[in-house]
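These figures come from a predicted structure and were not determined experimentally.
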Amino acid sequence: MNSELIMLGMAVLVAVGILLHQPSKTLGLPSLLIFMGVGLMFGNGEFDFVYDDLELTSFIGSMALNVIVFVGGLNTSRSSIAIAYKEGGMLSTFGVLLTTGILGGILYFLLDFDLLTCMLFAAVVSSTDAAAVFSILESKKLKLKESTDTVLEFESATNDPVALLLVVIITGMLVSSAEPMGAAEIGLELVQQIAVGLLFGYLVGISGVTLLNRIKLEEYGLIPVFILACFMIAAYGSDLLGGNILIASYVSGVVIGNGLLRGKEVSKHFFNSLSWLAQAVMFIILGLQFFPKALLDDAWIAIIPALVLIFVARPLAVFITYLPFRGVSTKKKLFISAIGLKGATPIVFALIPAAAGVPGAQLMMHMVFFIVLISVIAQGWAIEPLSNKLGLNQKD
């Protein structure tokens with residue numbers, strides 16, 4: 001297939017996806033599942049086109065994820081952070097660590113995998129997906145009591161970095177012939193990546209927004225272009241310095257989004273569209289990477305991990321994480337524990353061990369795919385009925 005036909009096909013897919021965006025929101029499902037379905041259909045050789053490049057898929061998926069996290073930061077207000085940073089921050093750090101430990105430990109006794117592989121799998125699916133959470137909450141027009149929706153949104157926007165760190169560290173331990181890292185070394189690595197990512201993201205963000213506010217570009221269209229350049233500097237500069245790329249992306253986005261004085265509206269529309277396009281490209285390429293027959297052969301293996309994650313690991317992690325918080329209602333904790341939506345993020349994370357050559361990574365990718373599918377359909381559908389049942393919906 002020549003490059004012109006590929007570009008034409010991509011353009012048609014994006015155009016169709018835009019036209020189907022509103023109907024899919026009405027159904028309460030992330031619209032970009034359409035793209036993954038199309039990728040599955042076209043990439044398996046049925047149309048004389050076979051795509052199978054784990055490294056390229058991992059690179060494109062990671063780059064798209066960085067953009068999505070940055071835009072999430074741009075759209076996060078200081079007021080939301082002030083409300084949700086304590087609960088959401090604990091869920092996005094200790095919650096992820098607890099989910100990984102609980103799920104990995106249970107799977108070690110249930111499945112025929114070694115402990116480190118079980119922990120890697122658990123880390124891959126430990127975080128909630130910002131795109132899925134935002135999309136479904138928006139489509140349902142839900143406003144929840146006790147700031148429950150704000151906490152969910154903050155958690156989903158900030159928990160990817162910890163999960164990514166765990167995936168990268170455990171993958172390195174599995175493929176390296178050197179002696180495995182100890183708990184102290186892993187802790188120091190986590191602290192370094194978080195600290196450098198926070199500091200560098202903040203410095204780039206504050207520098208960029210200060211320059212924009214002082215220089216006052218006459219051409220408003222250049223403002224989002226400059227912000228995009230700041231994002232690239234923050235993300236990939238942090239990565240070069242040993243910081244976490246997702247933390248730097250999110251922090252720089254928050255700083256710029258809350259400090260920008262001119263061109264806010266044009267920048268908002270530009271970056272929301274860019275985020276949507278990044279998700280579209282990510283879903284297409286993820287769909288192309290999977291082969292339906294192989295997926296279906298491994299579907300049954302994902303059922304037990306999905307049930308353990310949804311009904312045991314996530315609820316336990318949430319309730320333990322909330323122990324320091326007094327006065328939080330049980331119904332709020334129940335709702336947050338039940339709505340741990342997965343999306344494209346775990347699939348992107350699953351590509352990391354696959355590209356590194358971790359044994360059994362292909363099976364892990366297939367299992368993750370079905371866990372995401374189960375989560376989007378079951379948990380996505382349950383949001384509104386469960387909020388009504390628990391009396392958290394402000395419409396009640």
Side-chain angles (χ1 to χ4, degrees), residues 69 72-73 75-103 105-106 122 125-130 132-163 166 187 190-191 194 198 247 250-251 254 257-258 308-342 375 378-396:
V69 169
N75 291 323
T76 302
S77 65
R78 283 198 184 99
S79 59
S80 295
I81 294 174
I83 292 170
Y85 79 95
K86 290 181 181 178
E87 295 176 32
M90 286 288 285
L91 288 168
S92 64
T93 52
F94 290 103
V96 169
L97 294 171
L98 285 167
T99 302
T100 300
I102 294 168
L103 179 60
I106 294 174
V125 297
S126 61
S127 65
T128 56
D129 185 81
V133 170
F134 285 126
S135 174
I136 291 180
L137 285 175
E138 181 187 357
S139 66
K140 299 291 186 181
K141 305 295 181 186
L142 283 180
K143 191 67 181 172
L144 303 177
K145 298 174 185 176
E146 302 182 38
S147 302
T148 306
D149 50 340
T150 306
V151 172
L152 277 171
E153 289 173 350
F154 187 88
E155 178 204 3
S156 66
T158 58
N159 62 5
D160 292 336
V162 175
L166 291 174
L190 283 169
V191 170
I194 292 171
L198 283 170
I247 290 177
Y250 183 75
V251 170
V254 170
N258 285 277
V308 173
L309 174 61
I310 293 171
F311 293 108
V312 182
R314 167 75 177 179
L316 270 177
V318 168
F319 274 83
I320 293 171
T321 301
Y322 264 101
L323 287 176
F325 298 97
R326 304 298 180 189
V328 178
S329 69
T330 302
K331 61 184 181 181
K332 179 178 181 178
K333 289 183 279 189
L334 278 171
F335 185 84
I336 290 175
S337 66
I339 308 300
L341 281 163
K342 310 304 172 189
S375 173
Q379 293 179 300
W381 172 83
I383 281 185
E384 189 168 16
L386 185 60
S387 67
N388 292 331
K389 183 73 174 176
L390 294 172
L392 287 172
N393 196 337
Q394 286 191 0
K395 294 177 183 177
D396 293 345

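Rounding to the nearest 0.5 Å places CG of Leu386 at 11.5 Å from NZ of Lys331. Note that OG1 of Thr99 and CG of Leu91 are 9.0 Å apart. Values are rounded to the nearest 0.5 Å. In this structure, the separation between CZ on Phe335 and CG on Leu144 is 5.0 Å, given to the nearest 0.5 Å. Asp149 CG to Ile339 CD1: the interatomic distance, rounded to the nearest 0.5 Å, is 12.5 Å. Distance check, rounded to the nearest 0.5 Å: CD of Glu384 to CG of Leu392 gives 12.5 Å.
Residues meeting the side-chain contact (heavy atoms from CB on, under 4.5 Å) test with Ser147, sequence neighbours left out: Ile83, Thr150. Considering only residues two or more places apart in sequence or on other chains, Ser329 meets the side-chain hydrogen bond (donor to acceptor under 3.5 Å, both in side chains) condition with Glu146. Shown here are the side-chain contact (heavy atoms from CB on, under 4.5 Å) partners of Ala163, two or more places apart in sequence or in another chain: Val96, Ser126, Ser127, Phe349. Remark: Leu316 pairs with Ile102, Val312 by the side-chain contact (heavy atoms from CB on, under 4.5 Å) rule, at least two apart or across chains. Applying the side-chain hydrogen bond (donor to acceptor under 3.5 Å, both in side chains) criterion to Thr128, with sequence neighbours excluded, gives Asn159. Take Ser375 and apply the side-chain hydrogen bond (donor to acceptor under 3.5 Å, both in side chains) test, not counting sequence neighbours, and it matches Gln379. Take Ile194 and apply the side-chain contact (heavy atoms from CB on, under 4.5 Å) test, not counting sequence neighbours, and it matches Leu165, Leu198, Ile247. Judged as a side-chain hydrogen bond (donor to acceptor under 3.5 Å, both in side chains), and not counting sequence neighbours, Thr330 has no contacts.
When all heavy atoms of Ser156 and Glu153 are compared, the closest pair comes out as OG-O, 2.9 Å. Counting all heavy atoms, side chain and backbone alike, Gly89 lies closest to Ser92 at O-OG, 3.1 Å. Minimum heavy-atom separation, Phe319 to Ser337: CE1-OG, 4.0 Å.
Within the structure, side-chain hydrogen bond (donor to acceptor under 3.5 Å, both in side chains) contacts touching residues 316-327 (residues at least two apart or in different chains) are Glu87-Tyr322. Sorted by first then second residue, the salt bridge (charged side-chain N to carboxylate O under 4.0 Å, His left out) pairs that include residues 76-86, not counting sequence neighbours, number zero.
With contacts defined as side-chain heavy-atom distances shorter than 4.5 Å, the pair Tyr85/Thr158 does not qualify.
In this structure, the side chain of Arg314 does not engage the main chain of Gly95 through any donor-acceptor pair within 3.5 Å.
Shown here is Phe311, whose CZ atom has no more than 12 heavy atoms of other residues, nucleotides or ligands within 6.0 Å.
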